[in-house]
Every structure is written in structure tokens, then in C-alpha cells.
2 protein chains.
Amino acid sequence: MQRSTHQRRAIYRVLEEADRPLSPQEVLEHARGEVPNLGIATVYRAVKAMTEAGDLTSVQLPGEAPRYEFAGKHHHHHFRCLKCNRVFEIDGCPGGLAAMLPEGFQLERHDLVLYGACSECTNGSGV
Amino acid sequence: MQRSTHQRRAIYRVLEEADRPLSPQEVLEHARGEVPNLGIATVYRAVKAMTEAGDLTSVQLPGEAPRYEFAGKHHHHHFRCLKCNRVFEIDGCPGGLAAMLPEGFQLERHDLVLYGACSECTNGSGV
DNA sequence: TTAACTGCAAACCCTTTGCACGGTG
DNA sequence: CACCGTGCAAAGGGTTTGCAGTTAA
């Protein structure tokens, strides 16, 4: 079993407090508030271990490095802001995807990623 | 403007003859049939230039290296068969995606990837 | 002719690994 | 006390860049 160390608790807490998937680099920057000497290698090792343990899942957007969020959430998708590059969770899910498939194809799962501007980056249109 | 070189014509032809998106490495391997000393750097530079010129588009599936295909196709998505790993184009597109966004978010574009079994791999269920 | 293109190899970036020390159980 | 976990730094793998020679226009 895994040990509960100062570093891992900090990493866990950072992911817990963020309401969005974080990259290892983002985790490092946030967690250094608690553990100043935290190394990036430790973050990589921790998220890998937590993912294998089932506590985290990796969120992989096309062409981008993996981000991590807590596992066990309800089915959801992601939105990436093209200005600040942060990734947000989106609760909705379009229906009728199976109807898009050709004859004989069977749908098992799907990934949907929306791109645009988040509310903070949408200046001048209502924030 | 770009020059028409032996290497670029070979790279172009390889992508033209393939009926699926190719990775730079795959392009290199195929194109070396015509240009034995072709370097990987040249492939990267060529696909980058052709993409910027609008001749190619990159196809990026989550967690996978980018592949390239000819641009100018109609808006479409991709289906990857979990058994044979081939990627197919899907013509349909779900609507109402903007409605899934939180207040103040603006939708610009989206990526949808469907996973499952293609008709050839759906053995025992009607093929 | 001349400036873009190419091949090679080194540089880069992100991620992983090796090692000796520190801390958990 | 035994060993896992950590930080540092070096190694890896894939992509990009610098340079001098080549080639298209």
C-alpha cells in the first residue's frame, strides 16, 4: 500500500481543491505553496501511483499532455479555453451519437472536447 | 511561396495515396521508397509547412501522436475501432453543444472521437 | 545567381529513472 | 528498523533548430 507523505497529501489536496483537471506542472506550482522543495519527479510518480490505485483518472485532450482529476465522477466532458489554456469540466452530453455511425458499427464510448473562451477570458461580453 | 522539391513531392504523394491519416514517422517510412536519404526533420518541416499553407490538417486523437491528412474536407469527426485500431471518418455532428457551456463561455470549435467496433470487427452480431 | 530546402546532429522539452538520503509505518 | 518515498540530476524519446552544402526558380 502507499504511504501517506507530506508531499502526497499536498498533491492530493491540490487536485481536490482545483475544480478542473491539472497538469503535473500545474500540480507542482500549486503544491509548492505547501512543500516548497517539491520536485516534479515526485509529482509524476504520485499522480501515476494514484491513477493506478484508481483515485485519479488522466484527462487526455487531443495533442496535449495528460491532465489529472479525481476518478469516480459522473460522465462528463471538457472545455479548453483557447486563451488561458485552462481546462474545465462540462456536465452536458450530446445524445444520438450512435446514429452517426455507419451500418454495423457499434459505439462503446466517446470523447468530446469543446474549445473557445472561458468566462474570465470573454472580456467585453458580460463579465 | 514554397518550392516544389523532390522530397516534398514524395511526402505529398505518400499522403495522397494513403487512405488514412499518417504520422510523420509513417510518412518517412513510405517516402523513403522514393527518397532513400530523406530525413525525419524534412518530414516534420514539410507537414508543418503544408499544414500552415492549408494543404494538410493534423488529426489528433487523445493520447496519440498527431497524424496528417489532406485538408479541405467537409467538417467531420473520427471513429476509432478498439479492435483493429483503424480510424474512420464520421460525417455526422451532434448539435446543441453551445448549450452545454456555463454562463459566459463562448464556443469556437469542438473535437469528437467515437470508440467502438467497426463493421468488420463486429463479429457475431449480424455481419 | 540567390535564397529556400535538405540532411545531419545537436539542442530542446517533457517525462522517466538512478542514486543516496530522509521519513513512514 | 526496514524500506518506501523524495530530491537532484542525468538519461530517454520525440520534435525542433543550426549549419553548411544543395537545388529550385
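The chains referred to below are lettered A, B, ... by the order of the sequence lines, with proteins before strands, and numbering in each begins at 1.
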With [X] via side-chain contact (heavy atoms from CB on, under 4.5 Å) - residues at least two apart:
X: B:V87; result: B:L61, B:H78, B:R80
X: A:H75; result: A:H77, A:C93, A:H110
X: A:S4; result: A:R9
X: B:R45; result: B:A41, B:T42

Output side-chain donor-acceptor pairs under 3.5 Å for residues 26-40 of chain A, partner residues at least two apart or in another chain, one line each.
from  : atom 1 : to    : atom 2 : distance (Å)
A:E26 : OE1    : A:S23 : N      : 2.8
A:E26 : OE1    : A:S23 : OG     : 3.4
A:E26 : OE2    : A:R20 : NH1    : 3.4
A:E29 : OE2    : A:Q25 : NE2    : 3.4
A:H30 : ND1    : A:E26 : O      : 2.7
A:R32 : NE     : A:P36 : O      : 3.4
A:R32 : NE     : A:L38 : O      : 3.0
A:R32 : NH2    : A:L38 : O      : 2.7
A:E34 : OE1    : A:R13 : NH1    : 2.4
A:E34 : OE2    : A:R13 : NH1    : 3.0

Could you check how far [atom1] of [X] sits from [atom2] of [N], rounded to whole Å?
X: B:N37; N: D:dG21; atom1: CG; atom2: C1'; value: 14 Å
X: A:I40; N: D:dG7; atom1: CD1; atom2: P; value: 11 Å
X: B:E29; N: D:dG14; atom1: CD; atom2: C1'; value: 14 Å
X: B:Q7; N: C:dT6; atom1: CD; atom2: C1'; value: 6 Å
X: A:L28; N: D:dC8; atom1: CG; atom2: P; value: 11 Å
X: A:K48; N: C:dC14; atom1: NZ; atom2: C1'; value: 15 Å

Revision key, fill the gap. Whether each nucleotide of nucleotides 19-25 of chain C has a protein heavy atom under 4.0 Å at its base (B), only at its sugar-phosphate (S) or at neither (-) is summarised, 5' to 3', as ----BBS
Review point. Counting side-chain heavy atoms from C-beta on, which of C:dG7, D:dG5, D:dG7 comes nearest to A:V35?
Key: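 Closest nucleotide to the A:V35 side chain: D:dG7.
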Review point. Which part of the nucleic acid, if any, lies within contact of A:L38, taking any heavy atom under 4.0 Å across all strands shown: a base, the sugar-phosphate backbone alone, or nothing?
Key: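 If one applies the 4.0 Å heavy-atom cut-off, A:L38 turns out to touch the sugar-phosphate alone, with no base involved.
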Review point. Within the structure shown, what part of the strands sits under 4.0 Å from B:A46 by heavy-atom distance: base, sugar-phosphate, or nothing?
Key: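 B:A46: no heavy atom of the nucleic acid under 4.0 Å.
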Check your understanding: Would you say B:R8 reaches D:dA24's phosphate, i.e. side-chain N/O to OP1/OP2 under 4.0 Å?
Key ->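 False: B:R8 side-chain N/O out of range (4.0 Å or more) of D:dA24 OP1/OP2.
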Point to revise | side-chain contact (heavy atoms from CB on, under 4.5 Å) between B:L101 and B:Q106, intermediate numbers included | key: CA-CA 8 Å; B:L101 296 178; B:Q106 292 187 334; over 6 Å; no
